[in-house]
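Only one structure is covered here, and it is reproduced in the block below.
Since this is a predicted model, take the numbers as computed values, not measurements.
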Amino acid sequence: QVQLVESGGGLVQPGGSLRLSCVASRIIKSINTMGWYRQAPGKQRELVATITSDGRTNYADSVKGRFTISGENAKNTVYLQMNSLQPEDTAVYYCNAAGTTVSSRLNYWGQGTQVTVSS
């Protein structure tokens, strides 16, 4: 069983910053992408940012220029630096790890961590 352990969520004022961390309970060799998704009340879960094992990154338009994703491949660890946070960023943020094996696709999710941006 693989678990993604998240930390760093919390309450922050508009314009503030948070850094989310996610680490797998064990190394998963077949993982090629890790990322962050978020879900606000009444909305679908949406992609925030992803990073591949070769360092390519992808961001939702709503967070470009404000959020930065980074990772440590050898440890299946991913971070999300969130700056200039706005109330619209309030959501439960989920860590994700994805990849493939010879016989199947892998897709793991963290438990979710609440990020609340409020004055």
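Note that CD1 of Ile69 and OH of Tyr59 are 6.5 Å apart. Values are rounded to the nearest 0.5 Å. Annotation: the span from Thr116 atom OG1 to Gln13 atom CD amounts to 13.0 Å, rounded to 0.5 Å. The line from CE of Met34 to CG of Leu80 is 12.0 Å long, rounded to the nearest 0.5 Å. In this structure, CG in Leu47 is found 9.5 Å from OG in Ser62, a value given to the nearest 0.5 Å.
Both Val48 and Val12 are part of a single hydrophobic cluster, where members link through side-chain heavy atoms under 4.5 Å apart. Hydrophobic cluster membership is shared by Ile51 and Leu106, with clusters built from Ile, Leu, Val, Met, Phe, Trp and Tyr side chains linked at under 4.5 angstrom. In the hydrophobic cluster analysis, where Ile, Leu, Val, Met, Phe, Trp and Tyr join through side-chain heavy atoms closer than 4.5 angstrom, Val117 is grouped together with Trp36. The hydrophobic cluster containing Val78 does not contain Trp109, counting ILVMFWY residues as joined when their side-chain heavy atoms lie under 4.5 angstrom apart, directly or transitively.
Minimum interatomic distance between Cys22 and Leu4 (heavy atoms only, all atoms of both residues): SG-CB, 3.7 Å. Scanning both residues, Ser17 and Gln81, for their nearest heavy atoms gives CB-NE2, 4.0 Å. Contact record, Thr90 with Gln114: CG2-NE2, 3.9 Å, taken as the closest heavy-atom pair. Residue Ala91 comes nearest to Ala40 through the heavy atom pair CB-N, 3.9 Å, listed as atom of the first residue, atom of the second, then distance. The nearest pair of heavy atoms linking Glu6 to Gly112 is OE1-N, 2.7 Å. Heavy-atom minimum distance, Asn107 versus Ala98: OD1-CB, 4.0 Å.
Inter-residue side-chain proximity for Leu18 and Leu85 is flagged as met; some heavy-atom pair is nearer than 4.5 Å. Taking the side chain as every heavy atom from C-beta outward, Val115 and Met82 approach each other to under 4.5 Å. Side-chain contact between Ser30 and Thr100: absent, with no pair of heavy atoms (C-beta onward) separated by less than 4.5 Å. At least one side-chain heavy atom of Arg38 sits less than 4.5 Å from a side-chain heavy atom of Asp89. Residues Tyr37 and Glu46 fail the side-chain proximity criterion, which asks for heavy atoms closer than 4.5 Å.
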Apply the test side-chain contact (heavy atoms from CB on, under 4.5 Å) to residues Arg66 and Ser84: give CA-CA distance (whole Å), side-chain angles for both, the deciding distance (0.1 Å), then the verdict.
CA-CA 6 Å; Arg66 300 189 296 121; Ser84 301; 3.9 Å; yes

For Thr77 and Ser21, what are the C-alpha separation, side-chain angles and deciding distance, and is it a side-chain contact (heavy atoms from CB on, under 4.5 Å)?
CA-CA 7 Å; Thr77 300; Ser21 299; 5.8 Å; no

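Asn32 and Ser53 are not linked by any side-chain donor-acceptor pair at a separation below 3.5 angstrom, with hydrogens and angles left out of the test. Side-chain atoms of Tyr79 and Glu72 form a donor-acceptor pair, as typed in the model, at a separation below 3.5 Å.
Judged by distance alone, the side chain of Thr50 and the main-chain N or O of Gly35 form no donor-acceptor pair under 3.5 Å. Side chain of Asn96 to backbone of Tyr108: a donor-acceptor contact under 3.5 angstrom is found.
Classification of the Phe67-Tyr93 ring pair by plane angle, with boundaries at 30° and 60°, yields tilted.
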